[in-house]
Undergrad: 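Encoded as C-alpha cells, here's the structure I'll be asking about.
The sequence lines fix the lettering, A, B, ..., with proteins before strands; numbering per chain opens at 1.
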Number of protein chains: 2
Amino acid sequence: MGIEDIREPTFLVLAALADGAKHGYAVIREVEAISDGRVTLRAGTLYAALGRLAGQGLVRQSGEEVVDGRLRRYYDLTDAGAEVLAAQAARLRQNAAEADRRLRARARLGTAPA
Amino acid sequence: MGIEDIREPTFLVLAALADGAKHGYAVIREVEAISDGRVTLRAGTLYAALGRLAGQGLVRQSGEEVVDGRLRRYYDLTDAGAEVLAAQAARLRQNAAEADRRLRARARLGTAPA
DNA sequence: CAGCACATATCGATAGTCGATATATTCTGA
DNA sequence: TCAGAATATATCGACTATCGATATGTGCTG
C-alpha cells in the first residue's frame, strides 16, 4: 500500500506532468489526449490525486498564476515522482508482455477448447 | 464502467488463465510468478475476481477435480476474456510508451528545474 | 443573455482489494 | 509424533481510489 499501488487515472496524472508543469484543468485535458479519449478525469479524482501525490512527495505545487481573471495552480513532478512513474511504466510493459506471451500460447493450441 | 475498468490484480488473473485452465490456488501462485513476486493475491481478491469475471463472461468454470482429497475448481478464459485481455495489454503498453516518451522529454530539458 | 469552456474544490456512493478469519487435508521436519 | 507449513476453498469487514454530482465564479461565443 505504499507508493506502488497506482491505478490508471493516477498513472496518467503523473505522465501528464512528466514533460513539464501544468495546472489542474490542463492535466485533465492532457490525460484525455494521452489516453486517446478513453480516460476523462473527474475533478474529484484529479484534485484528490494531486493532493495525495503531493503528500507522497511525487508531485509538488510549482506556483500560481492568474490568466484572464482565472486562477491557475501549477503542479510538476519531483525527481521521486519521475522515478516512480518510470518504475510503473516498466511494470505495465512487463505485465502487457506477459499477457501477450500467454495469449500467443493460447492461440497456438487452438482457441476455446469448448 | 463496463468491462474496461480493470486493475492490476484482475488483469493478472486473466493473464494467468490465458494459456490454459487453472484452479484458484494455482492462479495465486501463477500471478506471483508472472509478477516476479510483486503481487500476492489474497484469497478474497481472487475468488471475488473470478466470480465477477464469470458474471461478465470473461472467465468460465471448466470443471472440478479431487486431488489428494482436496477439491480443485478449474477456471479458464472465454474468447471474450481473451479479447478483453488483449485490449487491456495494448492499453498498458500504450500508457507505458506515453509515459516513457514524456520522461525522455523531461530528461532532455534537465531534471528538476528546482 | 443563455450556454459552454475554463478553473477550482468538496462530498456521498461505488467497487475492487486487503487483511483477517474459517475449515479441512496432506506433506515435512524436528 | 506432532507442530507447522503448504494446499485449497470461501466469507466478511475495512480501506481507499475513483466516480458522479454539485458548487462557485470568470470569460468567450452565438
Undergrad: To the nearest Å, give me how far apart CD (B:Glu32) and P (C:dC18) are.
TA: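 Interatomic distance, CD of B:Glu32 to P of C:dC18: 12 Å.
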
Undergrad: Which nucleotide wins on minimum distance to the side chain of B:Ala43, given the candidates D:dT11, D:dC19, C:dA9?
TA: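 Of the options given, the side chain of B:Ala43 lies nearest D:dT11.
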
Undergrad: Once you build an axis from the first five pairs and another from the last five of the helix from C:dC1-D:dG30 to C:dA30-D:dT1, how far apart in angle are they, to 10 degrees?
TA: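 Rounded value for the end-axis angle: 10°.
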
Undergrad: Under a 4.0 Å N-O cut-off, is there an ion pair linking A:Asp100 with B:Arg93?
TA: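 Result for this pair is yes, salt bridge flagged.
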
Undergrad: Please determine if a side-chain N or O atom of B:Arg42 lies less than 4.0 Å away from the OP1 or OP2 oxygen of C:dT17.
TA: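 For C:dT17, OP1/OP2 do not have a side-chain N/O of B:Arg42 under 4.0 Å.
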
Undergrad: Nearest to the side chain of B:Arg29 - C:dA5, D:dA8, C:dG16?
TA: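 Looking only at side-chain atoms, B:Arg29 lies closest to D:dA8.
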
Undergrad: Between B:Glu65 and B:Arg70, is there a salt bridge with N-O shorter than 4.0 Å?
TA: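 No salt bridge links B:Arg70 with B:Glu65.
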
Undergrad: Reckon B:Arg70 touches a base, only the sugar-phosphate, or nothing at all at heavy-atom distances under 4.0 Å?
TA: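 If one applies the 4.0 Å heavy-atom cut-off, B:Arg70 turns out to touch a base.
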
Undergrad: Under 4.0 angstrom, heavy atoms only, what part of the nucleic acid is A:Gly44 near: base, sugar-phosphate, or nothing?
TA: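 Base, at least one base heavy atom under 4.0 Å.
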
Undergrad: Is the closest basic N to carboxylate O distance between A:Glu32 and A:Arg38 below 4.0 Å?
TA: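 Judged by the 4.0 Å cut-off on N to carboxylate O distance, A:Glu32 and A:Arg38 do not form a salt bridge.
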
Undergrad: Nearest whole angstrom, please: distance from the P of C:dT8 to the CZ of A:Arg72.
TA: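 The distance from CZ of A:Arg72 to P of C:dT8 comes to 8 Å, rounded to the nearest Å.
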
Undergrad: Do we see a donor-acceptor contact under 3.5 Å between the side chains of A:Gln61 and A:Tyr74?
TA: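 No, because no side-chain N or O of A:Gln61 sits under 3.5 Å from a partner of the opposite role on A:Tyr74.
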
Undergrad: Answer yes or no: does a side-chain N or O of B:Arg7 lie under 4.0 Å from OP1 or OP2 of C:dG16?
TA: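 It does not, given that no N or O in the side chain of B:Arg7 lies less than 4.0 Å from OP1 or OP2 of C:dG16.
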
Undergrad: Donor-acceptor pair, A:Lys22 side chain versus A:Asp76 backbone, under 3.5 Å?
TA: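 No; zero donor-acceptor contacts below 3.5 Å.
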
Undergrad: Counting distance only, does the side-chain N/O of B:Ser62 pair as donor-acceptor with the main-chain N or O of B:Ala21 below 3.5 Å?
TA: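 Side chain of B:Ser62 to backbone of B:Ala21: no pair is present.
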
Undergrad: Nearest to the A:Tyr25 side chain among C:dT8, D:dT18, C:dG19, which nucleotide is it?
TA: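 The answer is C:dT8, which lies nearest to the side chain.
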
Undergrad: Among C:dT8, C:dT17, D:dT18, which is the nearest nucleotide to the side chain of B:Arg52?
TA: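 When the side chain of B:Arg52 is considered, C:dT17 is the closest of C:dT8, C:dT17, D:dT18.
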
Undergrad: Hey, does the side chain of A:Thr45 come within less than 4.0 Å of D:dA17's phosphate (OP1/OP2), counting only N and O?
TA: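 No, outside the criterion.
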
Undergrad: Quick check: does any side chain N or O of A:Arg106 sit under 3.5 Å from a backbone N or O of B:Leu77, one acting as donor and the other as acceptor?
TA: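 Confirmed, A:Arg106 side chain pairs with B:Leu77 backbone.
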
Undergrad: Nearest of C:dT8, C:dC27, D:dA8 to any side-chain atom of A:Tyr47?
TA: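 Shortest atom-to-atom distance from the side chain points to C:dT8.
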
Undergrad: For the side chain of B:Asp68, counting heavy atoms from C-beta on, which of C:dC18, C:dA7, C:dC27 is nearest?
TA: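 The listed nucleotide nearest to B:Asp68's side chain is C:dC27.
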
Undergrad: Indicate whether OP1 or OP2 belonging to D:dA17 is found under 4.0 Å from a side-chain N or O atom of A:Thr10.
TA: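 False: A:Thr10 side-chain N/O out of range (4.0 Å or more) of D:dA17 OP1/OP2.
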
Undergrad: Which one, D:dC19, D:dA8, C:dT8, comes nearest to the side chain of A:Arg73?
TA: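 For the A:Arg73 side chain, the nearest candidate turns out to be C:dT8.
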
